[in-house]
Amino acid sequence: MRAERSTIVFNIMGYIVISVLTLLCLLPFWLIISGSLSAEDDIIRDGFRLVPQHFSIEAYKAVFSNPMQILKAYEVTIRLTLTGTVLGLFFTSMAGYVLSRKDFKYRDKLAFFIYFTTLFSGGLIPWYIMIVNYLNWKDSYLALLVPSLLSAWNIILMKNFMKSIPDSIVESAKIDGAGEFTIYRRLILPLSTPGLATIGLFLGLAYWNDWFSANVFITTESKYPLQFLLYKILASAAVLKTNIAGNLGADFQAPAETLKMAVAIVVTGPIIFLYPFVQRYFVKGLTIGAVKG
Amino acid sequence: MKKRLFKLMTVCMAVAMLTAMLSACGGSGGSGGSTGSDEGKGTDSSAKETTATTDDGKPDTSKKVVLNWYLLGDAHADTPKVVAEWNKMLEKDLNATVKLNFTTWNDWQTKYNLLLASGEKVDMLFASSWADFFKYSKQGAFLDLKDLLPKYAPETWKEVPEQDWKDVTVGDKIFAVPSTYPEYTPDGLVYREDWREELNVPEITDLDSIEKYLDAVKTVKKVTPIKGKAWNEVNTLFHSYYDFKNIGGDSGVIVAKSYDTPRDVVAYPFTTEFEEWAKRMKTWADKGYWTSNTLSIQQESGDFIKTGTGAVYWRNAPGASGFISDIEKNYKQIKKMGYFPFTRFHNYAVPNLGINNGMAIPKNSENPERSLMVLEKLRNDPKYYDLMTYGIEGENYTLNDKGEITSPPEGKDPKKGYSIASWGWRYAKNDHPSSSRWAGEDALIAEFKAESKPEIFSPILMDYQPVKSQLAAVNQVYQQFGMPLMMGLVPDVDKAIENYRNKLKAAGVDDVLAYVQKEVNAYADEKGLK
């Protein structure tokens, strides 16, 4: 089969345009990498460059100056992300499944009840009081894990996805003598992999990127997740620029421009590898949210 | 369909009512809890009183307690070790241990709000005028220490100066223990003294000599003197040069006209001084003393000094001293730095309020008495003070025979230098100056002490509640039109000033001014200022 001349030309053009666009997308990221590998003085004097003038790994040395701390933080984050994603997927899909079953009598009311909570929130202080005074989760991993397990938005997404699975599948399984949980586990779950992948990615990213709960609830240094630990380094740098700096000792060293870049690399590094693995589900999955209702 | 809608509405109503009920429950539950703890405290202290008299006048410490303390900022890597050491002594002496928590610098304001609003059991907390001490006191977040102090911290009660206790007294109640460490933090400019000598420019003593210096650096050295964000440099210079005083922290465009006339409150953009200033700054900006994107740039001018591409940097006096000693240690190619404090414009310096740093006990503390006793020990016993403030001797610091501190000790890893937010309990008597401090620091402090006048503007408390929306509008105008004008970044100064004033009027600057004036008058009457 031979392509026509015009098709070839079109393809070549297409490749060129896409390549340029890809390069443009990669450029900022490359700038971060190159910045993190530059010498501090160069950046202050001349700004960021695509190729470092003087190659230096000082910034990474600074980030990993206390390797145990970073490794510990990685461990905390990875564990939280894994547990959170698995448990979160389980609960979300169960809730979504129940709500998608037409023979569930209070389905609309329950769905409304869940949806209703997205309209308002209690605010930070009640949330804090709830977790600290009533649940006693201050400085506990539970405060990082439990609150983001279930979200109304994810449940609705899941419900809508599962709605597209024909009822007859459930019926046929029933006729074959399957119990409710078997139907859910053996039929519904395998059929909803795209939905699960999407929500799994949402959950995973949410847990990976969550620094705020740690900021508010965690007081022991060894329990800090990665994002918060690195954010803390940057916040200390910001304080040095304010009046409070007058109170600090002269030896208090400001993290530098290059350090910020190195921190960004360290923190995006691992999670970026998640995308290729879920991507094939993700492309399909994203369209699900588009057909709502 | 209609029926369904009706049903939906019933559910809605039910949910709304349920939430209302639940929240009411929560509210009363919360207050009930706090009154409960109050009662507990009451009986506790009365029990102590009875035993206190039997036990040769000393407070009873038979019950072992764990105290929950909060400090601002980050812990040091060695903090757990230091606190463990410290608790060993403390357990022996006062039968208590302290769990030391840190807020970290991330959103620490939010965390203060949460800690104090949620009623968490915190026994002691770093407090400061710049960490909203006055606001929290007014809202009743702290425990009144007036009756506890003479009994549980007698030495502190005696030794803290009268004026400092006044600084932490809000409406007849004492809400914190201020640090006893007289400090001056006037604004000023750090500059490259070696360049000044090299270029043969007169010493910096006033605004004209500053201009000459900037000019020489720009034209001869071909270096932009203030290369980073120049806002602080110019804004503080403006206020200090004309002796315009901010009221109650940062009051934006509303200032008192001079130290001697606190009741004379004006909005400075309407003064002739501002006109004169804006015109002068226009010439400075045109000559390139700072860059034209100076308002959007995020880098600090100080960083440029370090790389030899800048010459001037705004710092308060202790900050300048830290900056200069850093340069002396790490940037040997810079031969000499100088510092010009703006106090020299009007020849007086104002010390910080006593409560610039201090320690307070939140209302929900379970053991305020013991917490206060621990603070008394910490402030007054050098053994406790040195360990908590400087870390472990030999490991984190060494002292020379003059009592000056070297932290970290010679030959140790620089990361061993111990530093936490110890400002709240600082006591000049026990404090050790750094052996590597900038040589000019002592002279500066002596200079400030000699011309000291009490601080009268910071304690004026304003929440701007009645003029909230006007203030927001004024601040908007200030940022959009006022800041470029201050930096001389407008094509036509006269037109820009007129426009700025019109916009301010439209935004309601007069209401804000009237509000501030009213508060200032009330304060001046109370304190008997003229």
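Order of the sequence lines fixes the chain letters, A, B, ..., with proteins taken first and strands second; residue numbering starts at 1 for each chain.
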| query | Where does B/T110 contact chain A at under 4.5 Å (heavy atoms): side chain, backbone, both or neither? | reply | side chain
| remark: The complete set of salt bridge (charged side-chain N to carboxylate O under 4.0 Å, His left out) pairs with one or both residues in residues 110-119 of chain A, sequence neighbours excluded, reads none
| request: May I ask you to check whether over 12 heavy atoms, not counting those of A/I57, lie within 6.0 Å of atom CD1? | output: no
| query | Relative to chain A, which segment of B/K229 carries a heavy atom at a distance below 4.5 Å: side chain, backbone, both, or neither? | reply | neither
| message | Looking at B/K306 and B/D326, is there a salt bridge between them, counting it only when a charged N and a carboxylate O are closer than 4.0 Å? | response | yes
| query | Most heavy-atom pairs under 4.5 angstrom with chain B, which of A/N215, A/V216, A/D139, A/T219? | reply | A/N215
| task | Before accepting this row, confirm whether a basic side-chain N of the pair B/E328/B/R437 lies closer than 4.0 Å to the acidic partner's carboxylate O. | result | no
| query | Between B/T309 and chain A, which part of the residue has a heavy atom less than 4.5 Å away: side chain, backbone, both or neither? | reply | side chain
| message | Quick check on A/F217 against chain B: is it the side chain, the backbone, both or neither that has a heavy atom closer than 4.5 Å? | response | neither
| field | Part of B/N106 lying under 4.5 Å from any heavy atom of chain A | value | both
| field | B/F323 six-ring centre to B/R315 NZ/CZ under 6.0 Å and within 45° of normal | value | no
